[in-house]
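Beneath this line is the structure, given in structure tokens, with notes to follow.
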Amino acid sequence: MEMKADVLIFCEGRLLVRAGTLEPAGLEAVAGREVADGVELSPEGGRAVRLAGGAGAAPEGFAWARVRQLIAEGSLLAGRVCRALGLLNWRAECRFCARCGGQLGEHPTELARVCGGCGWVAYPSVEPAVIVRVEREGRILLARHVQRIPELYACLAGYIEVGESAEGAVRREVREEVGLELGEVEYVGSQAWPFPYLLMMAFRAQWKAGELRLQADEIADAQWFEPSDLPAIPPPGTTAYRLITDTF
Ligand SMILES: [Zn+2]
């Protein structure tokens, strides 16, 4: 069923939906609440707003849905929600001119912000990152991170650095984090991930040389796992899940 609501209401990264559904709530559900920001999603219509203050309890008959849940359940809304939340996240962070420090205002014709002082235009950001399934004789390499969700084993991942190719970033991350050299590195696919506005580019790679040597401040543990005997991994909908389960 096509979702008809023309507005998506977010607060603290969650989407307001009708209770028991993933159907977005209309603005009448939050009458009286202060709106901190809003953005038009496309020329054809559709708007997203971010409420000021904390999410708190949802109004009667509504619920705050986690965006990860929408993505995991393959909701028809997921694409629009990723775009909406990515744009709102960018707008919350991009308020001043990077060139002169002036206040940014709305661009009159484009989905962008423009500096009132010097005319610099800020376009919505996409941060490219890589994530890789490393294979060795049928087993796959998974790691627990010191910072990110330390109870789960996931694929190695990291940001692409300036001047670097995506494949180069894959090789560097794997070398830095676990001390391995890779053979063939093959692009698998990509996924938008609105935390805050990542583009996750997924790769499959073959181990070539080296034994596991963990970067202590980043990696708590890393092991080779049989695909039939996996540890706790990130939930469905995540890029890591699709890579680990070979369901891209
Ligand atoms: Zn400026």
Side-chain angles (χ1 to χ4, degrees), residues 5-16 24-27 30-56 64 66-68 70-71 77-131 147-148 157-170 172-173 176 187 190-202 217-218 239:
D6 57 0
V7 64
L8 299 173
I9 302 166
F10 292 90
C11 195
E12 295 185 319
R14 295 179 179 220
L15 176 71
L16 191 64
L27 275 176
V30 290
R33 286 286 305 264
E34 185 189 345
V35 171
D37 191 22
V39 62
E40 305 299 325
L41 297 177
S42 77
E44 295 78 46
R47 183 170 171 75
V49 300
R50 181 168 59 82
L51 299 183
W64 290 110
R66 300 184 65 205
V67 170
R68 284 180 171 82
L70 287 163
I71 299 171
L77 270 178
R80 243 174 90 209
V81 165
C82 284
R83 176 167 171 78
L85 186 55
L87 286 171
L88 289 172
N89 287 341
W90 168 73
R91 290 171 62 89
E93 292 182 353
C94 184
R95 294 159 52 217
F96 298 97
C97 177
R99 198 155 69 185
C100 78
Q103 190 102 31
L104 296 179
E106 302 302 321
H107 194 286
T109 56
E110 296 191 71
L111 187 63
R113 286 181 155 175
V114 60
C115 177
C118 74
W120 183 74
V121 177
Y123 291 95
S125 294
V126 176
E127 280 186 357
V130 294
I131 180 166
Q147 305 278 351
R148 296 194 297 260
Y159 291 103
I160 300 177
E161 293 189 352
V162 172
E164 195 172 48
S165 69
E167 291 81 357
V170 167
R172 175 185 49 75
E173 285 289 342
E176 285 176 359
Y187 176 70
S190 66
Q191 180 174 1
W193 192 244
F195 309 99
Y197 28 73
L198 291 183
L199 176 65
M200 295 296 287
M201 303 171 70
D217 55 342
E218 289 266 341
T239 320

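Throughout, numbering of the chain's residues begins at 1 and tracks the sequence. Basis for what follows: all heavy atoms, side chains included, without hydrogens, waters or symmetry-related copies. Remember, it's 1-based here, ligands and their atoms both numbered in the order they're listed. A quick note: this is a predicted structure, and the numbers were derived from the prediction, not measured.
Between the side chains of Tyr159 and Glu173, not a single donor N or O lies within less than 3.5 Å of an accepting N or O.
Panel note: side chain Arg14, backbone Val67; no donor-acceptor pair is recorded below 3.5 Å.
For Glu127, the side chain to side chain donor-acceptor pair (under 3.5 Å) criterion is met by no residue, not counting sequence neighbours. Legend: residues meeting side chain to side chain donor-acceptor pair (under 3.5 Å) with Gln191, ordered by chain and number and at least two apart, are Thr239, Arg242.
Protein N/O/S atoms closer than 2.8 Å to the Zn ion (ligand 1): Cys97 SG, Cys100 SG, Cys115 SG, Cys118 SG.
For the atom pair Arg33 CZ and Leu27 CG, the distance stands at 12.0 Å (nearest 0.5 Å).
Sequence neighbours left out, the pairs with a member in residues 92-103 that pass side-chain hydrogen bond (donor to acceptor under 3.5 Å, both in side chains) are Glu93-Tyr197.
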